[in-house]
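These values consider heavy atoms only, across backbone and side chains, with no hydrogens, waters or symmetry-generated copies. Each ligand, and each atom within it, is numbered from 1 in the order the structure gives.
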Amino acid sequence: MFAITAARIDKKNPLSGLEAGERPDPAPPEGWTTVQVKAAALNHHDLWSLRGVGLPEERLPMVLGCDAAGLDEEGNEVIVHAVIGDPDAGGGDETRDPRRSLLSEVHPGTLAEKVAVPRRNLVSKPAELSFEEAACLPTAWLTAYRMLFARAGLEPGSAVLVQGAGGGVSSAIIRMAAAVGHRVYATSRDAGKRERAMRLGAYGAVEPGDRLPEKVDAVFDSVGEATWGHSLRSLRPGGRIITCGATSGDAPAAELNRVFFLQLSVVGSTMGSRDELRRLAEFCARTGVRPEIDRVLPLARAEEGFAAMAEGEQFGKIVFQV
Ligand SMILES: NC(=O)c1ccc[n+]([C@@H]2O[C@H](COP(=O)([O-])OP(=O)(O)OC[C@H]3O[C@@H](n4cnc5c(N)ncnc54)[C@H](OP(=O)(O)O)[C@@H]3O)[C@@H](O)[C@H]2O)c1
């Protein structure tokens, strides 16, 4: 089968390790099944993998990709849940299984014509969503869904800040938070992306670090070092930061004085369960909320998508048709 793999690790020049070509078809073990991939989406995770984060040299070559929508062995339209883990080992939540991994970390990923996954990882694709839209849900959108609906503890009509509007996770939070009636502020380094955030439903969009017109109840931060101080400063007393990533660095100043004096909470969040993925797909089908897709490319041109993400050019999701 045709696939996009990480062939080498290069921290400084991650794209140099990317290879496109033929790989053996998956050989699913007992209890697993093979999905024919119709569309797959790119995540920052794929760039981290090429830098060796979560992917040691001894597992190379590794087919990249966490997100896919396609057809199961009976021809049903399905979305693939990217978390390979045992829900029972995580108290009913596979993301808390201490041995869990994401597709492309231990098992070959989704940037391929076929992907093998445990049968329980398949969720029905609602007919209302295209394969390209459905392929955006399993990683960035699922992470955004859990952060917003399970981890933020928001009252209806809250004020929130989303850092780095152009990202897959951030654009998803802006869209969903606006859809359920929160007052959403967003930051982006790029004026065009700030404008697009407004079109997604943001109430205000500012440059990173700019003072907001009001203090917010929650900040969604996947950017890390570059935005952390601003995230802390933007919260009302008792507010909450929900963090899922650290694209710009993972060691900002903790500013403990601000955290304890204003009684702030810092809440981590990672991916979501298969049940949350099913509920997210239904949410999109029922509300008309759809992932913001930056561009769709044939899988053979995946390198263009990787380059755009490495340069931070995209607004929303980069999707590959298989
Ligand atoms: N824990 C989990 O389960 C989980 C799940 C998904 C993602 N993540 C992590 O979350 C992060 C975002 O993922 P993604 O797929 O959404 O990535 P992405 O689409 O590449 O988005 C990254 C965004 O971060 C912003 N950014 C990057 N560098 C910045 C800087 N120096 N200053 C200000 N903003 C900067 C950019 O916003 P602007 O261009 O608009 O300024 C960019 O759009 C990644 O680190 C990823 O690994 C974690």
**OP:** Identify the protein heavy atom lying closest to atom 12 (C) of ligand 1, giving its residue, its atom name and the separation to 0.1 Å.
**Re:** Thr247 OG1, 3.7 Å
Original post:
Just wondering, do Leu154 and Val160 contact through their side chains at under 4.5 Å, heavy atoms?
Top reply: yes
Original post:
Nearest protein heavy-atom contact for atom 29 (C) of ligand 1: which residue, which atom, what distance?
Top reply: Arg189 NH1, 3.4 Å
**OP:** Only heavy atoms count here, so choose which of Thr143, Thr227, Val169 is nearest to atom 5 (C) of ligand 1.
**Re:** Thr143
Original post:
Relative to atom 31 (N) of ligand 1, which among Ala205, Ala226, Ser49 owns the nearest non-hydrogen atom?
Top reply: Ala226
**OP:** Identify the residue among Arg274, Arg100, Arg146 that makes a salt bridge (Lys or Arg N to Asp or Glu O under 4.0 Å) with Asp93.
**Re:** Arg146
Original post:
Looking at Leu15 and Glu303, what are the two nearest heavy atoms and their distance?
Top reply: CD2-O, 4.3 Å
Subject >> Ser188, any N or O under 3.5 Å of ligand 1 N or O >> reply: yes
Subject >> contact_flag Ala165 ligand 1 heavy-atom lt 4.0 Å >> reply: yes
**OP:** Provide, to 0.1 Å, the distance between atom 37 (O) of ligand 1 and the closest protein heavy atom, together with that atom's residue and name.
**Re:** Gly164 CA, 3.2 Å
Original post:
Which heavy atom of the protein is the closest neighbour of atom 18 (P) of ligand 1, given with residue, atom name and distance?
Top reply: Gln314 NE2, 3.3 Å
Original post:
Looking at Glu133 and Arg290, does any basic side-chain N land under 4.0 Å from a carboxylate oxygen?
Top reply: yes
**OP:** State whether Arg194 and Asp210 are salt-bridged, where the test is any N-O pair (Lys NZ or Arg NE/NH1/NH2 against Asp/Glu carboxylate O) under 4.0 Å.
**Re:** no
Subject >> Distance-only N or O hit between ligand 1 and Thr187, under 3.5 Å >> reply: no
**OP:** Decide yes or no for Leu71 and Val78: does some side-chain heavy atom of the first lie under 4.5 Å from some side-chain heavy atom of the second?
**Re:** no
Original post:
Please state which protein non-hydrogen atom is closest to atom 14 (P) of ligand 1 and give its distance, to 0.1 Å?
Top reply: His44 CB, 3.8 Å
Subject >> atom 3 (O) of ligand 1 - nearest protein heavy atom and its distance >> reply: Met271 N, 2.9 Å
Original post:
Judging by distance only, is a nitrogen or oxygen of Gly167 under 3.5 angstrom from one on ligand 1?
Top reply: yes
Original post:
With only distance considered, is Gly166 within less than 3.5 Å of ligand 1 through an N or O on each side?
Top reply: yes
Original post:
Taking both backbone and side-chain atoms of Lys317, is any N or O found less than 3.5 Å from an N or O belonging to ligand 1?
Top reply: no
Original post:
Would a 4.5 Å heavy-atom cut-off, applied to side chains only, mark Glu304 and Ile318 as touching?
Top reply: no
Original post:
Polar-atom distance check: Asp190 versus ligand 1, any N or O pair below 3.5 Å?
Top reply: no
**OP:** Return yes when Val223 approaches ligand 1 closer than 4.0 angstrom through a heavy atom, no otherwise.
**Re:** yes
Original post:
Within the structure, does Trp48 bring an N/O atom to less than 3.5 angstrom of an N/O atom in ligand 1?
Top reply: yes
Original post:
Any salt bridge between Arg183 and Glu214, counting N to O under 4.0 Å?
Top reply: yes
Original post:
Hey, is ligand 1 close enough to Cys244 that some N/O pair sits below 3.5 Å?
Top reply: yes
Original post:
Counting heavy atoms not belonging to Asn76, are there more than 12 under 6.0 Å from its CG?
Top reply: yes
Original post:
Can a salt bridge be assigned to the pair Glu94 and Arg120 using a cut-off of 4.0 Å between side-chain N and carboxylate O?
Top reply: no
**OP:** Give me the one residue out of Arg175, Arg196, Lys317 that meets salt bridge (Lys or Arg N to Asp or Glu O under 4.0 Å) with Glu292.
**Re:** Arg196
Original post:
Is the closest heavy atom of Glu225 to ligand 1 under 4.0 Å?
Top reply: no
Original post:
Any N or O of Gly168 that comes nearer than 3.5 Å to an N or O of ligand 1?
Top reply: yes
Subject >> Distance-only N or O hit between ligand 1 and Ser170, under 3.5 Å >> reply: no
Original post:
Closer than 4.0 angstrom: is that true for some heavy atom of Ser269 and an atom of ligand 1?
Top reply: yes
Original post:
Is Asp217 salt-bridged to Arg240, cutoff N-O under 4.0 Å?
Top reply: no
